[in-house]
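Notes for the one structure printed next.
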Amino acid sequence: MNVLYFLIPLALFIGALFTTLFIWATKNGQYDDLETPAVRILIDDENKSKKRK
Amino acid sequence: MNPMDVNYFCPQFSYIKDMNYQCDHCHNDTSSPVFLRLDGEEKKFCCHGCKTVYELLLKNNLGDYYQLSKNRFKPIDVGDENFNYLDHPQIREKYLMVNPDGSFSMDFYLEGIHCMACLWLIERLHEINSLIISTRLNISNSITHVSFLPTMKISEIAKIFNQFGYKPHAILNTKEANELKKNDDRQYLIKVGVAAAVSGNIMLLSISLYAGASGLMAQQFNWLSGILTLPVIFYSAIPFYQNTLTAIKQKKLSIDIPIMLAIFVASLVSYWSLFTNHAHVYFDTITALIFLLLASRYILKIIQSSALDNNILSMMFTTESVLRYNSQKKLFESIHFSLLEKGNVILIKPGMEIPVDGKIIKGSSFINCSLITGESKPIKVFPDQLIQHGSVNIESDLEIAVSEIGENTRLGKMLQSLRSLPMGKTPLTLFTDKVSRYFLLGVFITSLFTFIFFALNGEPAIGLTRALTIMIITCPCALAIGTPLAFSSSLTKLAKLGIIVKNQEVLEKINQANTIVLDKTGTITEGNFSVAECWLSPNETDLGNVIWYIEKNSKHPIAKTITTYFSDKRGSKFNFDLQLIDYQEQSGLGVSATINSNHYNICAIPSPTDKDEQYTQIGVFKNGKIVGHLKLMDTIREDSRFLINKFKQYNLTPLMISGDNQTVVHHVAKSIDIPTHHAHALMSPEMKREFIKDHPKAIMVGDGANDSLSLKESFVGIAVKGSVEMSLRVSDVFFTKSGLSPLLTLVEVSRETMKLIHRNLAISLVYNLTALVLAVTGLVTPLAAAIFMPASSLTVIISNLIGTKKLRKIIRNKIG
């Protein structure tokens with residue numbers, strides 16, 4: 001059970017890490033618009049590649 | 001007056017209706033298509049606008065647009081606006097943003113965004129014009145962010161949007177307002193995230209405690225939980241504290257108060273237990289409660305923020321450009337309305353609405369003040385007279401010195417007082433607010449009594465636990481959240497379908513209505529008259545031109561038809577300097593004027609023979625004698641009959657009113673199953689208003705300057721596409737699509753929304769009663785309570801998202 005003294009702080013550290021990343025992403029506007037990117041993905045890129053050729 | 005024994009001035013032709021073409025761009029039906037030959041194929045379009053867009057798309061390799069969107073409706077009437085006022089230097093200050101790399105950016109709100117094809121098209125504008133760097137659209141609020149090179153004119157950008165059918169409105173770049181809101185939302189999300197992380201980890205530790213961990217390990221876990229809870233209590237839960245403070249200041253009971261109390265008491269007890277080594281720790285309960293509540297509120301925020309913004313709505317109904325006198329350049333230039341100041345001199349052309357209160361400096365004309373005075377007869381005005389916001393200039397140019405603008409004008413003040421109910425508070429909502437307050441009081445008292453009861457019996461710990469559970473688990477959120485949420489999501493859905501509802505009260509009212517009063521022209525009929533037959537007395541020279549000259553001043557569909565008909569036949573001999581004296585228009589009935597001391601009267605006349613009853617007959621009188629006879633035909637919309645019968649099924653009695661003559665009105669009524677005693681003809685705007693007054697619970701559907709009086713008076717007023725700006729101010733609903741089918745959708749959505757709200761209330765009632773019983777008898781732990789309560793508000797939110805079966809069907813059928 002002594003391993004818990006290592007595991008729990010590790011778990012908390014990882015949790016804190018991800019929370020920090022989440023805060024950073026939110027501040028950079030990642031979650032501002034949830035609707036449009038979902039639709040944008042569905043659009044094909046063929047035109048762009050056609051033109052580049 | 002026998003049209004048979006005279007020479008016909010113009011060829012007789014019958015109205016061809018059965019040849020219907022579908023426009024290759026917008027899929028609208030048209031009977032007079034514009035053709036284009038491309039690669040051996042012949043394409044047809046309903047108008048030059050669609051043809052131009054089609055050519056533009058093909059030229060730029062964007063033909064894929066047509067693969068993407070199968071369900072397009074014709075974009076909102078684009079008109080011939082020029083956006084030159086956007087190039088004004090003052091505009092650039094307020095609306096333009098400069099990017100670090102030297103390019104410019106600007107935000108526009110675009111009308112008519114509704115699908116993936118729109119997104120695709122808008123984001124490829126840089127392929128059409130190389131001065132545009134990029135465009136990025138946000139579908140939920142229809143705002144597009146455009147980056148462009150400094151050499152590009154803003155008006156050009158606006159023209160491109162307009163050309164494709166998306167009417168653009170420039171958005172102020174008030175960085176503070178926008179950034180503030182964005183920051184607020186982000187901060188909220190971060191609070192949710194922190195609460196989630198902490199409560200999840202604490203839960204891991206708690207499980208071991210529930211599983212039986214004890215001794216040193218239990219102690220250490222408790223301490224850890226206690227420390228981890230701190231950021232949640234002091235950071236994530238701040239919104240609750242703020243709301244409670246506001247509620248206390250306003251001396252109102254709100255749901256946040258018991259929550260804050262629960263958090264406070266639970267924290268106190270938990271930390272005290274921590275330091276005194278007791279086992280009554282509630283850290284998992286506290287953090288779970290805060291997290292779940294924050295999460296449901298965040299979801300609520302997102303749903304409500306994509307609802308139609310009040311600011312955006314008001315943008316659609318206000319004038320944007322005015323012609324202001326520039327004393328340096330000595331001419332009138334087009335500027336944005338917001339730049340107008342007191343003392344400026346503006347030019348109002350015929351047909352334009354007067355957007356300010358002011359004094360006439362130069363010019364005299366006829367104006368229509370029906371919006372203000374209620375009288376439809378035009379009034380003659382002269383220099384030095386005061387003129388009011390809301391009147392429409394009819395005859396000739398007027399130069400006006402501005403004295404009051406916007407909300408300070410008489411009309412502005414009047415409109416403000418009309419908005420008596422603040423947005424979001426319908427009678428039903430106010431009722432549920434009251435109920436939830438009594439509910440909270442009841443919960444509070446129950447909680448207190450439970451605690452006292454157990455304390456007196458020597459078991460204060462159990463009493464505390466039970467009291468805590470009671471306060472946590474009971475939730476009037478369904479009352480406070482469910483109703484406004486149902487309303488706002490219905491309003492948003494309707495807006496996506498092209499039905500713009502100004503406030504939530506309208507949905508309730510529609511449910512209570514028992515009659516529908518329909519204006520004939522433009523609503524039941526297509527509104528596209530055409531001249532079927534025409535007879536002009538050969539003794540009159542230039543009669544066609546005279547008729548054109550007089551009729552062009554009216555905005556009525558009949559006048560437009562007559563004007564178009566005669567404009568093709570105008571000769572160059574016509575003397576345009578002829579003075580039009582004493583122009584009068586009796587809305588819906590006819591026009592009259594004096595030219596060269598001859599008095600002309602062009603008006604609706606009863607049909608001379610029965611067999612012509614489907615025609616609208618217009619008589620042209622000179623000095624009292626008939627010199628011309630026009631037969632106009634307006635086709636009845638295909639779905640009118642079906643929809644009228646549907647309304648009857650919903651217990652809405654359909655009534656028809658019109659300025660047209662009796663025979664036409666009866667003919668139309670018969671074709672759509674309205675009994676003749678429910679159809680009224682030859683009604684002037686004043687008569688229509690009196691009619692509405694006799695029907696206090698009627699929904700009025702109307703169009704044009706004709707109906708603004710009655711729309712204002714009615715229980716629920718609906719303005720139909722193509723109506724004058726005045727109608728938009730006085731009505732509660734605006735249809736951007738033509739026809740009666742939006743009306744059916746509106747009625748159905750209103751009914752279903754009320755059903756949904758009642759369902760939510762029922763769920764909430766059942767939940768709360770059960771929860772209360774369980775809590776008092778101690779069958780639930782505080783932790784379970786902390787989970788159930790947000791779960792219940794989440795259920796209400798989900799219940800709203802799911803809607804009713806019928807609501808889902810409506811949305812699925814109509815969008816994309």
Side-chain angles (χ1 to χ4, degrees), chain A, chain B residues 60-65 67-68 113 115-124 127 136-145 178-179 181-183 185-198 200-202 204-205 208 213 216-217 220-221 224 227-228 231 298-299 302 305-306 816:
Chain A
M1 268 319 175
N2 280 336
V3 71
L4 279 177
Y5 285 115
F6 170 67
L7 283 180
I8 291 189
L10 181 67
L12 288 178
F13 171 71
I14 296 181
L17 181 68
F18 277 99
T19 310
T20 320
L21 287 175
F22 171 73
I23 294 177
W24 172 76
T26 312
K27 283 207 168 131
N28 270 335
Q30 181 71 353
Y31 301 108
D32 281 347
D33 181 2
L34 299 173
E35 227 181 282
T36 323
V39 179
R40 207 178 273 127
I41 278 187
L42 297 173
I43 298 173
D44 293 329
D45 265 349
E46 336 165 332
N47 249 339
K48 285 201 175 146
S49 48
K50 255 193 244 166
K51 276 202 138 186
R52 297 236 176 98
K53 280 189 188 162
Chain B
N60 288 292
N61 268 326
L62 295 173
D64 282 348
Y65 174 71
Q67 253 80 306
L68 281 174
I113 302 277
C115 66
M116 195 166 84
C118 303
L119 173 64
W120 187 86
L121 189 58
I122 299 279
E123 295 200 340
R124 277 179 178 55
E127 296 184 16
R136 199 158 174 93
L137 174 68
N138 182 331
I139 281 195
S140 34
N141 58 17
S142 292
I143 295 183
T144 184
H145 184 84
N178 277 344
E179 289 300 311
K181 180 170 186 300
K182 253 200 250 176
N183 255 337
D185 288 343
R186 289 177 187 170
Q187 287 294 324
Y188 209 90
L189 188 56
I190 292 177
K191 292 187 171 81
V192 176
V194 166
V198 170
N201 281 299
I202 292 186
L204 282 176
L205 302 173
S208 51
L216 182 62
M217 190 162 294
Q220 286 169 330
F221 282 178
L224 202 49
I227 298 175
L228 286 176
Y298 183 71
I299 295 179
I302 295 211
S305 69
S306 66

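Throughout, a chain's letter reflects where its sequence line sits, starting with A, and its residues are numbered from 1.
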### Task
Decide if atom CZ of A/Arg40 counts as having more than 12 heavy atoms of other residues, nucleotides or ligands within a radius under 6.0 Å.
yes
### Summary
Turns out that what part of B/Phe221 lies under 4.5 Å from chain A's heavy atoms comes down to side chain
### Query
Counting heavy-atom pairs under 4.5 Å to chain A, which of B/Gln220, B/Gln187, B/Arg136 comes out on top?
B/Arg136
### Summary
Okay, B/Asn201 and chain A: the region with an atom under 4.5 Å from a heavy atom over there is side chain
### Query
Just wondering, do A/Phe22 and B/Leu189 contact through their side chains at under 4.5 Å, heavy atoms?
yes
### Query
Between A/Thr26 and chain B, which part of the residue has a heavy atom less than 4.5 Å away: side chain, backbone, both or neither?
both
### Query
Would a 4.5 Å heavy-atom cut-off, applied to side chains only, mark A/Ile8 and B/Leu205 as touching?
yes
### Task
Find out whether A/Thr19 and B/Val194 are in side-chain contact, i.e. whether some heavy atom of one side chain is under 4.5 Å from a heavy atom of the other.
yes
